[in-house]
Every structure is written in structure tokens, then in C-alpha cells.
A.B. asks: 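Here it is: the structure, laid out below.
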Amino acid sequence: MSWLEELAADAAALKSAGRLRVLREIAPEPHGRAVYHGRRYCNFSGNDYMGISGDAELRRKFYEQYAADLSTPELAQSSASSRLLTGNTPAYNRLERTLSELYNGRSALVFNSGYHTNIGVLPALARSGDLILSDKLNHASIIDGLKLADAEFRRYPHLDLEQLEKQLAAKRAAYRQVFIVTESVFSMDGDLADLRKLVELKEKYDAVLVVDEAHSVGVRGPQGAGLAAELGVAGKVDVLIGTFGKAFGSTGAYAIMEPEVREYLVNHMRSLIFTTGLPPVVLNWSDFVLRHAAEMDAERAKLKRMSDRLRAIFTAAGVKTDGDSQIVPFMVGEDRDAELMAEKFQDNGFLVFPIRPPTVPAHTSRLRFSLTAALDESDIEAVGKLL
């Protein structure tokens, strides 16, 4: 069998198992809608949690600031260099100052994406002789970061902090440093890590706590600073990671930390050092929406109401669900059943897709309803009428 035949056979096997991934052309529209295959849907599959990405009026206000000079370098579409050469434009410094203000003066560092962040932070900080303890359901980008690091790593059962403490008690003394890494809001089940308890454990065992708040920032906490800020422990998280690509409707990611950690990452984090910086127009948009999102308490409250209501609808219909966030899983089980259920929702105007292994464990295929504040609350009731 030739190399290309091997690849074709792999695709055929994935298709037969109902796991073949494809790139879909989907055009986003305002008010939580999207066009797919020429049809307009109610979009339950995006991560535009606060409706910022689809807000045309907000985009108009952003560009209006520069109407007198659209040729300004502040709207340049490339930095044309890495940050350590000539790509560290003034927009970077402004954005990092805004982030620092949001997190009570702690240091901030902006990256190209959440994936760049997670494949770079742990490999830079953790070395041979260290141990990383990671929640079993952490995102693939975190898992890739574990594999790239020189440190040993182990995964503890999802949200099982009793087992985590047992590992810490048994192993802490054998390692130079121990890192605990978790998401705050988990992307597939929408459930929450007990960040207060994790802070207690990291202090008790002299560990370093890394928290990925990708699905929390913008949505939770004062001014949208995330779940750790909501729980009053953001200042005790050693490295707090957020993204601009979801609730903030932009591109890129960031980490909040002490200045010593920031300086170390600038000198050792390969996915920061060896990549072209973000364009000024993106950085300025991120700064603009970060300030706007800080004032969106009404939208955050609406998103919470809709999420709670959808979870209640699923439960009343006998559908297994989980979590306490804007991510509401509709548990199905087998791959093909999830495909058929997704088709049923799509036939009725709801854009939702099956989530299958290896993204989730075998026999836990599900639909993931990912809500946005741009939806109307009547859209949630319409889902209930279908069940």
C-alpha cells in the first residue's frame, strides 16, 4: 500500500466510525445566527459568548476612532516581525497595561493564541526534575504542552482533588518543583474546577498553579476577569491564562503573573520568541473590546439565565447534561446516535454539531450547546419545544 493509499484508508476508517472531521464553510451573522449550506440557523456552536464578534455596531465604533486617518500604523495588518525584534508595537504595551489594570496591577504578557500559550508556558517553566499534575480532561493544547516539557507529568481524575492531594502528599518531596494545571471552565462538559481548593493545595504543598480560563474570561467575574476573580483567588493563581478568541471576540491570548515570571517567559518561551507578533489592528481591537466587556454585566447575567434555563429544559426532558456555565452538554453516548441527533436539530434550524472521540472519551459523544448573549431568550424556549 502506498503512502497516499494509507492516508485514504485512514480517512475511510474514520468515516466508517462516524469520526471524520471536515472543514465547514459557515458565515456568522448578528444576533447569534449563522449561514450554513445556504440556510440561516440559530447558532449554538460558536464561542462568541458575549456577542462581541458579531456586533457590527461595536466594530463601527472601533474604526470610527481612526476615521481621520485610516492609514495610521495603529491599523496595520501585520507586525512583520517577532516581538523580540521589531514586532513589539506600542499597541502591545497598551493592551498589556489594560490587562494589568483588570488584574489589580499584576504583570501581563500577550501571545498569538491560546494554543501558543499552552504549548509554551509549561515547557518554559517546567524542567527535568519537576513534576506536572494535570486534570485528565484538560484541553488538547495543555496536553501538547505537557508532552513538550522536559518534566515528568501525571494526570489526575477529572476534578478529583482528593486524588490530586494524595499525589502531592506522596510525590512533592521527590521533585524540585511541582506544577498543577487545570482549566477553570471545562470546554466539553461546562463544569467548573474548585479553584479555592486548588489554591489551598498549591499553598500547602508549595506548588505552582497554572489555570486556563479560556472559557471563563469575559463571561465570569467582576468586569469579566474570570472565575478565579469571581471566587476571589485570581491573585493567588501563579499563571492565569485567558484568551481573546472567545468571549472577547478577537484573536490572541494572555497570561497574568508576577513580573519575575514574565521576564523568564520572554527569555525562554519558544512559542513567544520564535513567532511573528500580532498585527496592531488586532491588538488595538482587543484593547477596545476588553474595556467594553468590562461593562457588560447585563449580558453576563442574561447568559447565566439562558444557560440555567437550557440545562433545566434538558433535565426535564430526561437528557443527561452537566456543568454550571454557558457550555451546556447534551449527552448522547454513541457516535452515530450523536450524528443523528445533531441532524435533527439542524433540520429544525439549530446549528449544533456532534462532539465525538477522540475529543471526548469513548461512549460519551454529545452535542455541545455553546451559548452567546447575542441570542434571544426565546431561542432557548424554542429548543425545548423540539425535545
Side-chain angles (χ1 to χ4, degrees), residues 47 111 113-126 130-168 171 175 177-199 201-202 205 207-217 219-220 226-228 231 233-234 237-243 245-247 253-257 265 269 271 322-327 329 355-362 364-366 368 370:
N47 294 328
F111 310 103
S113 69
Y115 191 87
H116 275 82
T117 309
N118 284 334
I119 64 167
V121 167
L122 286 172
L125 295 175
D130 292 347
L131 174 66
I132 306 171
L133 298 173
S134 174
D135 188 290
K136 190 173 183 179
L137 293 190
N138 276 338
H139 189 264
S141 58
I142 296 175
I143 295 170
D144 288 351
L146 300 178
K147 293 177 178 179
L148 287 170
D150 288 333
E152 181 182 341
F153 71 87
R154 295 176 183 269
R155 297 161 72 187
Y156 59 89
H158 181 51
L159 299 182
D160 191 339
L161 301 192
E162 182 177 340
Q163 288 298 316
L164 172 61
E165 181 161 19
K166 286 180 179 179
Q167 292 185 40
L168 286 165
K171 297 180 178 296
Y175 294 90
Q177 188 57 267
V178 172
F179 296 81
I180 303 168
V181 58
T182 184
E183 297 181 52
S184 60
V185 174
F186 284 83
S187 60
M188 289 297 120
D189 292 313
D191 48 358
L192 313 181
D194 185 346
L195 298 183
R196 288 183 176 136
K197 180 63 177 178
L198 283 164
V199 166
L201 290 176
K202 81 107 180 179
Y205 292 96
V208 174
L209 179 60
V210 179
V211 177
D212 184 343
E213 295 238 57
H215 295 275
S216 173
V217 293
V219 176
R220 307 290 292 245
L227 182 62
L231 298 175
V233 296
V237 174
D238 296 291
V239 182
L240 187 154
I241 295 166
T243 181
K246 294 180 173 63
Y254 61 88
I256 305 298
M257 68 212 90
L265 292 178
M269 185 172 164
S271 59
D322 200 353
D324 183 24
S325 70
Q326 74 283 1
I327 299 167
I355 307 294
R356 299 156 294 182
T359 305
V360 294
T364 69
S365 291
R366 82 280 307 267
R368 182 181 65 165
S370 189

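Heads up: numbering here begins at 1 and tracks the sequence.
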A.B. asks: Check each of Leu122, Leu146, Leu164 against Ser134 using the side chain to side chain contact (heavy atoms under 4.5 Å, CB included) test, and report the only one that passes.
C.D. replies: Leu146
A.B. asks: Can a donor-acceptor pair be found, under 3.5 Å and without considering hydrogens, that links the side chain of Glu183 to the backbone of Ala214?
C.D. replies: no
A.B. asks: Set out, in order, the CA-CA distance, both residues' side-chain angles and the distance that settles side-chain contact (heavy atoms from CB on, under 4.5 Å) for Asp130 and Tyr175, then state yes or no.
C.D. replies: CA-CA 5 Å; Asp130 292 347; Tyr175 294 90; 5.5 Å; no
A.B. asks: Minimum heavy-atom separation for Ser184 to Leu227, with atom names?
C.D. replies: O-CD2, 3.8 Å
A.B. asks: Nearest heavy-atom pair of Pro123 and Gly145: which atoms, and what distance?
C.D. replies: CG-O, 3.5 Å
A.B. asks: Determine, stepwise, if the pair Met188 / Thr364 fulfils side-chain contact (heavy atoms from CB on, under 4.5 Å).
C.D. replies: CA-CA 10 Å; Met188 289 297 120; Thr364 69; over 6 Å; no
A.B. asks: Less than 4.0 angstrom from a charged side-chain N to a carboxylate O is my criterion; do Asp189 and Arg366 meet it?
C.D. replies: yes
A.B. asks: Roughly how far apart are Asn118 CG and Asp144 CG, rounded to 0.5 Å?
C.D. replies: 9.5 Å
A.B. asks: Mind checking salt bridge (charged side-chain N to carboxylate O under 4.0 Å, His left out) for Asp238 and listing every partner two or more places apart, or none if nothing turns up?
C.D. replies: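 Asp238: salt bridge (charged side-chain N to carboxylate O under 4.0 Å, His left out) contacts with Lys202.
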A.B. asks: Are Phe179 and Leu125 side-chain neighbours, meaning at least one heavy-atom pair lies under 4.5 Å?
C.D. replies: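 Result yes, sub-4.5 Å side-chain heavy-atom pair found.
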A.B. asks: Quick check against the 3.5 Å criterion: does Glu213 have a side-chain atom that pairs as donor or acceptor with the backbone of Ala228?
C.D. replies: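 Between the backbone of Ala228 and the side chain of Glu213 there is a qualifying donor-acceptor contact (under 3.5 Å).
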A.B. asks: Can you find a heavy atom in the side chain of Arg155 that is under 4.5 Å from one in the side chain of Ile143?
C.D. replies: yes
A.B. asks: Report yes or no: does Arg368 contribute a side-chain atom to a donor-acceptor pair with the main-chain N or O of Ser187 at less than 3.5 Å?
C.D. replies: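 Judged by distance alone, yes, a pair lies under 3.5 Å.
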A.B. asks: Working to the nearest 0.5 angstrom, can you tell me the gap between Glu165 CD and Asp160 CG?
C.D. replies: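 The CG atom of Asp160 is 11.0 Å from CD of Glu165, to the nearest 0.5 Å.
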A.B. asks: Taking all non-hydrogen atoms of both residues, which atom of Ile180 and which atom of Tyr156 are closest, and how far apart?
C.D. replies: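 In this case the closest contact between Ile180 and Tyr156 is CG2-OH, 4.4 Å.
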A.B. asks: Test side-chain contact (heavy atoms from CB on, under 4.5 Å) on Leu195 and Val237 and set out the steps.
C.D. replies: CA-CA 9 Å; Leu195 298 183; Val237 174; 5.7 Å; no
A.B. asks: For the side chain of Ser271 and the backbone of His116, is there at least one donor-acceptor N/O pair under 3.5 Å apart?
C.D. replies: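 Yes; judged by distance alone, with no hydrogens or angles, the pair exists.
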A.B. asks: Give me the atom names and distance for the closest heavy-atom approach of His215 to Lys246.
C.D. replies: CE1-CE, 3.3 Å
A.B. asks: Does any non-hydrogen side-chain atom of Leu159 lie less than 4.5 Å from one of Phe186?
C.D. replies: yes
A.B. asks: Please give me the minimum heavy-atom distance between Leu265 and Met257, naming the atom from each residue.
C.D. replies: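 Scanning both residues, the minimum pair turns out to be CD1-SD, 3.7 Å.
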A.B. asks: Please assess Val217 against Tyr254 for the test side-chain contact (heavy atoms from CB on, under 4.5 Å), listing each intermediate value before the final yes or no.
C.D. replies: CA-CA 11 Å; Val217 293; Tyr254 61 88; 3.2 Å; yes
A.B. asks: Using atom types as modelled and distance alone, determine if a side-chain donor or acceptor of Asp212 lies under 3.5 Å from a backbone N or O of Ile142.
C.D. replies: no
A.B. asks: About how many Å separate CD of Gln326 and CG of Asn47, when rounded to the nearest 0.5 Å?
C.D. replies: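 If we round to the nearest 0.5 Å, Asn47:CG and Gln326:CD are 8.5 Å apart.
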A.B. asks: Using side-chain heavy atoms (C-beta onward) and a distance below 4.5 Å, is Lys171 in contact with Leu133?
C.D. replies: no
A.B. asks: Do we see a donor-acceptor contact under 3.5 Å between the side chains of Asp191 and His158?
C.D. replies: yes
A.B. asks: Okay, side chain of Thr117, backbone of Ala253: is any donor-acceptor separation there less than 3.5 Å?
C.D. replies: no
A.B. asks: Once rounded to the nearest 0.5 Å, what's the spacing between atom CD1 of Ile119 and atom CE of Met269?
C.D. replies: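 Output value for this atom pair is 8.0 Å.
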